[in-house]
Amino acid sequence: MFRLPIQEAKIYPAAEYCIYCGSPERLSDEHIFPYGLGGWWVLPKGSCHECSRITSAYEGAVQRTMFGPLRMMFEMPTRRPRERPAKLPLKVQFTRDGEWTYVDVDRDIYPFLVLLPILTLPDEIKGKTREGDRRAAAKNYWVRAASVQGGFDDRCHHLAAELGVHQIMPTATSDANSFFRVLAKIAHAYTVAELGSGAFTPFLLPMICDGRTDEAVQYVGGIKHTEAAAAVLHQAWIAPYPPDPGLVTVRVRLLACLATPTYVVAVGRRN
């Protein structure tokens, strides 16, 4: 069976303050990539109790909805293992003209999809003015049948036969608001870990901490062309976009080993 690679651990020097609000009180370690997605790049003492509560809420939403079946299939980390269901609802049609309904299927054989937004570069990089609808949203999506390496259609036909149904309909979910906030959090935390908070003036704190995604496309975007699968689980790197060397931009790939989209986040401006 195909296995996801384990992300190599990277432990940065302790921040000793919250990288989101600046508080020195009740600090915990900050996982740059979500712990529940196997993220082992850690900034010790980098998030206060309140900010951790906020970021954990939307990270959890993304992990449950967009990546839930994948995380169970590949036994990715969870802090609540007893809450993982043994079965998942699968949309099926018992007869050719019958109504669509749901049956519970063992999670080990559940045929799931991963659905990720395909975005254009952030407007901050393109030099666009701030106008129009700029909320977190996507028109196009990357879809991957991640439960098997090949023959997904054949697997679905075989599963339909095993269940005694006419056909099945694998489904996927996308939560744009939460996903944009997760990308912003990853990029901001990575930049602080690599450069230090005093190296740049941040753009993303209202989105990360307050849920202000009304200016999301100004700072969060991606590249349209597909890059090859990587040998690692996740990727992040600082990638300048000329002709503005003062702009700090980070590329982020979640589940890069599955040839997922590359996202580009304008994190801030160098001091």
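Excluded from the calculations below are hydrogen atoms, water molecules and symmetry mates; all remaining heavy atoms, backbone and side chain alike, are included.
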Can you tell if the side chain of [X] reaches within under 4.5 Å of the side chain of [Y], non-hydrogen atoms only?
| X | Y | value |
| --- | --- | --- |
| Cys21 | Glu50 | no |
| Leu258 | Leu4 | yes |
| Pro111 | Arg155 | no |
| Arg144 | Leu255 | no |
| Glu124 | Arg269 | yes |
| Val182 | Tyr263 | no |
| His49 | Ser23 | no |
| Arg107 | Pro69 | no |

Please say whether more than 12 non-hydrogen atoms of neighbouring residues, nucleotides or ligands are located less than 6.0 Å from [atom1] in [X].
| X | atom1 | result |
| --- | --- | --- |
| Lys10 | NZ | yes |
| His158 | NE2 | no |
| Glu99 | CD | no |

Assigning hydrophobic clusters by single linkage (Ile, Leu, Val, Met, Phe, Trp, Tyr; side-chain heavy-atom cutoff under 4.5 Å), is [X] placed with [Y]?
| X | Y | value |
| --- | --- | --- |
| Leu163 | Tyr102 | no |
| Ile238 | Ile19 | yes |
| Leu233 | Ile32 | yes |
| Ile208 | Leu43 | yes |
| Tyr35 | Met76 | no |

Does the distance from a Lys or Arg side-chain N to an Asp or Glu carboxylate O, for [X] and [Y], drop under 4.0 Å?
| X | Y | result |
| --- | --- | --- |
| Arg251 | Glu227 | yes |
| Lys185 | Glu30 | yes |
| Arg135 | Asp214 | no |

Identify the two heavy atoms, one from [X] and one from [Y], that lie closest to each other, and give their separation to 0.1 Å.
| X | Y | answer |
| --- | --- | --- |
| Tyr190 | Ala236 | OH-O, 3.4 Å |
| Ser178 | Asp175 | OG-OD2, 3.0 Å |
| Leu116 | Pro261 | CD1-CD, 3.7 Å |
| Phe200 | Gly268 | CD1-CA, 4.2 Å |
| Ala138 | Leu119 | CB-CD2, 4.1 Å |
| Tyr12 | Ala193 | CD2-O, 3.5 Å |

Fellow cluster residues of Trp100, listed by chain then number, with links counted only when side-chain atoms sit under 4.5 Å apart |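 Noted: Trp100 shares its cluster with Met169.
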
Check whether any side-chain N or O of [X] sits under 3.5 Å from a backbone N or O of [Y] as a donor-acceptor pair, and report yes or no.
| X | Y | answer |
| --- | --- | --- |
| Glu59 | Val62 | no |
| Thr249 | Ala239 | yes |
| Arg270 | Gly246 | no |
| Asn177 | Thr213 | no |
| Thr260 | Leu254 | yes |

The single option from Val265, Val220, Val264 that satisfies side-chain contact (heavy atoms from CB on, under 4.5 Å) with Pro122 is Val264

Let me know which of Glu8, His31, His234 forms a side-chain contact (heavy atoms from CB on, under 4.5 Å) with Trp40.
->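 Answer to the side-chain contact (heavy atoms from CB on, under 4.5 Å) test with Trp40 among Glu8, His31, His234: His31.
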
Parallel, tilted or perpendicular: rings of Phe203 and Tyr219 (30°, 60°) |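 Parallel, since the angle between the ring planes stays under 30°.
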
For the pair Phe112 and Tyr110, name the ring-plane relationship: parallel under 30°, tilted 30 to 60°, perpendicular over 60°.
-> parallel

Candidate list Asp106, Asp108, Asp104, test salt bridge (Lys or Arg N to Asp or Glu O under 4.0 Å), partner Lys87, passing option |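 Filter result, single survivor: Asp106.
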
